[in-house]
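Report on the following structure.
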Amino acid sequence: MSRLGANLVRVEELSQRLVSALSKGGKVRPSLQGPGRDLFARAAAASMADMLSDPGKMIEHQTRYWGRALKHYVEAQSRLAKGQMTPPEDATGRDRRFRDPRWQEHPYFNYLKQQYLIAAEAIAEAAGDLQGLPEKDRRRLSYFAGQIVDMFSPANFLGTNPEALARAVETEGQSLVDGLENLVRDLEANDGELLVTLADRDAFEVGGNLATMPGEVVFRNRLFELIQYAPTTGEVREVPILIFPPWINKFYILDLTERNSLIRWMAAQGFTVLVVSWKNPGPDYADVSLDDYVAEGFLAAIEQARDATGAPEVNVAGYCIAGTTLALTLALMKRRGLGGVRSATFLTTLTDFSDQGEVGVFLDDDFLDGIEAETREAGVLSALFMSRTFSFLRSNDLIYGPAIRSYMMGERPPAFDLLYWNGDATNLPGRMAMQYLRELCQANRFAEGGIAVCGETLRLSDVDLPLVAIACETDHIAAWGQSYAGIRKMGATDRTFVLSESGHIAGIVNPPSKGKYGHYVNGDWSGDANTWRAAAERREGSWWPLWSEWLDLRSGALVPARTPGGGRATLGPAPGTYVTEAPDPGRNA
């Protein structure tokens, strides 16, 4: 059988599987319906008011757009009429979506690109210049307008993507068949929902080539397993470090491959390292609350870490959402007069949500009401929702770009440990998720007025022990300026703020051996974030050594290295069982 004939057979088989996979999807999910009609109604009313009160502004926008678009059209047609098969001058700037040389050199594809970018800029200007809307509405309108514009990029369609068309010709259609196979695979893996696979799922195994740092599970309850790692030095600091990762994803973001493992690196610096591995909840966890996570999660882990190591105090660290909840826990301990924690580290942590950053577009009632309806039905906030939400904050990098490579170019996903982890998302208990979104993110009660947790009213100023915070310069989830603002409101006098280059993940998982991203420091807290940044000193390399030095000063003397569990029976080797469990995704999810 010829190659073409074999491919036609494959296409027929894949088409049948495609239809079958699509038939399983299509469920209307309240949490994924997008912004409510009110936003667009307000935008339409504001646009009409703008037009009536200042028609010149609308005419100016239209004239600028049509002038640029028509000028480019005329220039392109003029060259074509003269037999010049080269595009006119291209002043649209660099864009990673159009890196292939044919977008610059081929007159047809360059024409498509320039017209698209001219229109995209005009839409962004019109949305950003709209008067009569509250600033929050204007930001949401600009965001969702941008999402629509990004979706219609000519790079996203086979007929207008020169690289994909060239690959199809070069491979005699094999790339398109492989792309169809990738598409069907992703649909089948997600019950008809389209989630682009970002990393080669066959290239990694948790406990195989990821999360390989030796250790033991020393405690387990319904919310977490506590892992104590084996020492790699003869002596260790007296005060252990207990790390709380976010429960939106798995803990092994801090223990990826050996060269990317923060846990392994910290152990090599002479620290006793313990890490919480959160349970991936199913529908039976629907009523688990934020109070439960504080009491049965954070407080229990602190107690058990002290018990396992024999240390009267621990240093604690919280990453992202776990940093926020760690701050609540420390405020509660202050209110109750509880000891046992010497210092705290906050990694990309928001505690003041007065400026919600990019995530804020999803925190109005139109979205939260949908999430609440879904959690009532399913019992959990599905990992599907979390994956899609954070992917749409960087849609060109995490949705359209990977989809082009996988479905149009027929490429296998890359063997990239960080992207593999990114796709290993978890559910959230319904009640806890809504408390977090409503009371912390939306109402900002921890920073403004106080939030009720475990029978106490907690405020940011209650967090008064020594602390260090690491934020990331291009973080699209926890904006560094807002992280700084929250840390300023805490009651600590011994505090350090570090700004790492790069984003929410790469800025944290930044091993010194790579020499990739630098960081900024400044001990002057008297001004706002911009003032701090303007006077900050840039240092080369990872922030990890700075953190190790900071902890060293707050970790006591050297003592003989500790055996995980302190000689008592343990519950099994790291990485434990919770990290690999696949829960029931939720009723009707």
Side-chain angles (χ1 to χ4, degrees), residues 1-27 32 96-100 102 147 150-206 209-210 249 382-392 394-425 582 585:
M1 182 182 294
S2 68
R3 184 178 187 183
L4 176 60
N7 279 339
L8 289 174
V9 172
R10 283 184 66 197
V11 168
E12 181 179 0
E13 174 198 344
L14 290 168
S15 297
Q16 293 173 358
R17 288 171 55 193
L18 178 64
V19 171
S20 176
L22 288 171
S23 68
K24 297 177 182 177
K27 170 180 165 51
L32 301 178
R96 289 190 298 175
R97 294 172 292 179
F98 307 113
R99 284 176 294 189
D100 186 274
R102 281 160 287 214
Q147 287 293 321
D150 287 346
M151 181 176 65
F152 282 104
S153 164
N156 295 344
F157 300 90
L158 177 63
T160 53
N161 186 314
E163 189 176 9
L165 289 171
R167 177 70 64 86
V169 173
E170 292 166 3
T171 62
E172 299 180 13
Q174 185 67 47
S175 61
L176 300 181
V177 176
D178 293 342
L180 180 58
E181 191 165 84
N182 291 340
L183 172 62
V184 171
R185 176 205 63 212
D186 285 349
L187 286 168
E188 289 177 338
N190 296 288
D191 294 325
E193 298 279 1
L194 183 55
L195 284 178
V196 186
T197 298
L198 298 178
D200 186 349
R201 306 301 296 177
D202 298 325
F204 300 102
E205 179 187 2
V206 177
N209 56 358
L210 297 178
N249 288 89
S382 169
L384 169 68
F385 171 81
M386 303 303 297
S387 297
R388 281 190 169 174
T389 299
F390 290 122
S391 292
F392 272 109
R394 292 173 55 202
S395 56
N396 288 322
D397 294 331
L398 296 177
I399 298 177
Y400 302 125
I404 290 169
R405 292 190 294 272
S406 186
Y407 306 150
M408 287 162 50
M409 306 290 290
E411 297 176 1
R412 285 181 62 85
F416 188 5
D417 56 356
L418 197 152
L419 287 179
Y420 177 91
W421 167 87
N422 189 73
D424 194 8

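It should be emphasised that the depicted structure is a prediction, and the values quoted were computed from it without experimental measurement.
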What one should report as the nearest heavy-atom pair of Pro414 and Leu419 is CG-CD1, 4.4 Å

Of the non-hydrogen atoms in Ser175 and Met409, which two are nearest, and what is the gap between them?
-> CB-O, 3.4 Å

Would you sort out whether Arg412 and Asp202 count as a side chain to side chain contact (heavy atoms under 4.5 Å, CB included), showing the intermediate values?
-> CA-CA 11 Å; Arg412 285 181 62 85; Asp202 298 325; 4.0 Å; yes

Excluding sequence neighbours, so at least two apart, what forms side chain to side chain donor-acceptor pair (under 3.5 Å) with Arg201?
-> none

Check side chain to side chain donor-acceptor pair (under 3.5 Å) between Glu163 and all other residues, then give those that pass, not counting sequence neighbours.
-> none

What residue pairs, at least two apart or across chains, pass ring-ring contact (aromatic ring centres under 6.0 Å, His included) with a residue in residues 396-418?
-> none

Write out all pairs satisfying ring-ring contact (aromatic ring centres under 6.0 Å, His included) with one or both partners inside residues 177-206, taking only residues at least two apart or from two chains.
->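 Qualifying pairs, neighbours excluded: Phe204-Tyr420.
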
Phe157 atom CZ, over 12 foreign heavy atoms within 6.0 Å |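 Buried by this count: over 12 neighbours within 6.0 Å.
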
Contacts of Arg102 that satisfy salt bridge (Lys or Arg N to Asp or Glu O under 4.0 Å) - sequence neighbours left out = Asp100

Any [X] side-chain heavy atom under 4.5 Å of [Y] side chain:
{"X": "Asp150", "Y": "Arg97", "value": "yes"}
{"X": "Leu165", "Y": "Leu158", "value": "yes"}
{"X": "Asn396", "Y": "Arg96", "value": "no"}
{"X": "Asn161", "Y": "Asn156", "value": "no"}
{"X": "Asp417", "Y": "Leu210", "value": "yes"}
{"X": "Val196", "Y": "Leu398", "value": "no"}
{"X": "Glu181", "Y": "Val177", "value": "no"}

Straight-line distance of [X] [atom1] to [Y] [atom2], nearest 0.5 Å:
{"X": "Leu183", "Y": "Met408", "atom1": "CG", "atom2": "CE", "answer": "12.0 Å"}
{"X": "Met151", "Y": "Ser153", "atom1": "CE", "atom2": "OG", "answer": "11.0 Å"}
{"X": "Leu180", "Y": "Leu176", "atom1": "CG", "atom2": "CG", "answer": "9.0 Å"}

Would a distance-only check, ignoring hydrogens and angles, find a side-chain to backbone donor-acceptor pair under 3.5 Å from Asn209 to Glu205?
-> yes

So, Asp186 side chain and Leu194 main chain: donor-acceptor pair closer than 3.5 Å or not?
-> no

Among Arg167, Arg405, Arg10, find the one that has a salt bridge (Lys or Arg N to Asp or Glu O under 4.0 Å) with Asp178.
->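 When salt bridge (Lys or Arg N to Asp or Glu O under 4.0 Å) is applied between Asp178 and each of Arg167, Arg405, Arg10, only Arg10 qualifies.
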
For Glu188, side chain to side chain contact (heavy atoms under 4.5 Å, CB included) partners two or more places apart =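 Result, side chain to side chain contact (heavy atoms under 4.5 Å, CB included) vs Glu188: Arg17, Ala21, Val184.
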
